[in-house]
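All remarks here apply to the structure that follows.
All values below come from the heavy atoms of this structure, side chains included, with hydrogens, waters and symmetry mates left out.
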Amino acid sequence: MGAPGLERSLLACGVIGPALFVAAFLTQGAVRPYYDPLRHPVSSLAIGDTGWVQCADFVVTGALLLAFAVGLRFAPLPGGGWWAPLLIALVAVGLIGAGLFVADPISGYPPGTPMAPVRTPRGILHDLFSTPVFTAFPAACFVLAHRFAAAGRRGWAGYAIASGAAMLVAFVLSSMGFAQNAVLMPVGGLLQRLTLVAGLALLAVVAVHLLRRVREVLPTNG
């Protein structure tokens, strides 16, 4: 790819991005008045006077994952190929777009808004950009699983498959919750967080693994 230091920096973005994103939405969810992390989606944190914090979280995390996708393309991961980097790049673009367009209120947050969202062009764009976060992300997990399986790394492959499957199941259930299913609505936010954490944790672990491999195969230049 070029300079070993650049490759390590790009791969490190795969650790920093997920950690930053999760830490930011956990912290905001704990201190935001009237916001219930169990019930409300992460995107609702972008609504209101302090919503710029979550908007920035989306954009910065997306930029970091985009850099990681570039590093992944040239990293010493078994199998090579473009699919995993491309899918992760789509996730990154989705996060950036989600930060540029604020979601519509849902599930009664902010207080005084309806439970079901009143659709606006801005909110529709938010949802369109968010789509690859919850579709391309699990697909990337399965592609990574295939690459690990082809190299005989069954443990890694199993972890990637489990992460992708967990994302899909939790995403479907959280979507039902945000659609105001009486049983799932009170835990829609929790289910969405499980979706995101499952995928982001896999990326971070893979990034750490690749950073270690890069140190083994590339010179450190002192």
Minimum heavy-atom distance between [X] and [Y], given as atom pair plus value:
{"X": "R8", "Y": "L211", "value": "O-CD2, 3.3 Å"}
{"X": "R147", "Y": "A84", "value": "NH1-CB, 3.6 Å"}
{"X": "R73", "Y": "W82", "value": "NE-CE2, 2.9 Å"}
{"X": "A207", "Y": "G14", "value": "CB-C, 3.8 Å"}
{"X": "A98", "Y": "H126", "value": "O-ND1, 3.1 Å"}
{"X": "V91", "Y": "L65", "value": "CG1-CD1, 4.4 Å"}

I'd like to know if [Y] and [X] are part of one continuous hydrophobic network [Ile/Leu/Val/Met/Phe/Trp/Tyr, side-chain heavy atoms within less than 4.5 Å].
{"X": "I96", "Y": "F21", "value": "no"}
{"X": "L191", "Y": "Y35", "value": "no"}
{"X": "L168", "Y": "I88", "value": "no"}
{"X": "V15", "Y": "F68", "value": "yes"}
{"X": "L26", "Y": "L95", "value": "yes"}

Mind checking whether [X] and [Y] have side chains closer than 4.5 Å, heavy atoms only?
{"X": "P105", "Y": "S44", "result": "no"}
{"X": "F148", "Y": "V206", "result": "yes"}
{"X": "V60", "Y": "L64", "result": "yes"}
{"X": "C55", "Y": "V102", "result": "yes"}
{"X": "S174", "Y": "F134", "result": "no"}

Requested in this report: Indicate, with yes or no, if the rings of H209 and W156 have centres closer together than 6.0 Å.
Outcome: yes
Has the side chain of [X] got a donor or acceptor atom that lies under 3.5 Å from a matching backbone atom of [Y]?
{"X": "Q192", "Y": "G188", "value": "no"}
{"X": "Q54", "Y": "S43", "value": "no"}
{"X": "N181", "Y": "M176", "value": "no"}
{"X": "Q180", "Y": "M185", "value": "no"}

**Report entry** I124 side, atom CD1; R119 side, atom CZ - distance, nearest 0.5 Å
**Finding:** 5.0 Å
Query raised in the report: So how far is it from R193 CZ to H40 NE2, rounded to the nearest 0.5 Å?
Result: 10.0 Å
Query raised in the report: Going by distance alone, is a donor N or O of one side chain under 3.5 Å from an acceptor N or O of the other, for Y109 and R32?
Result: yes
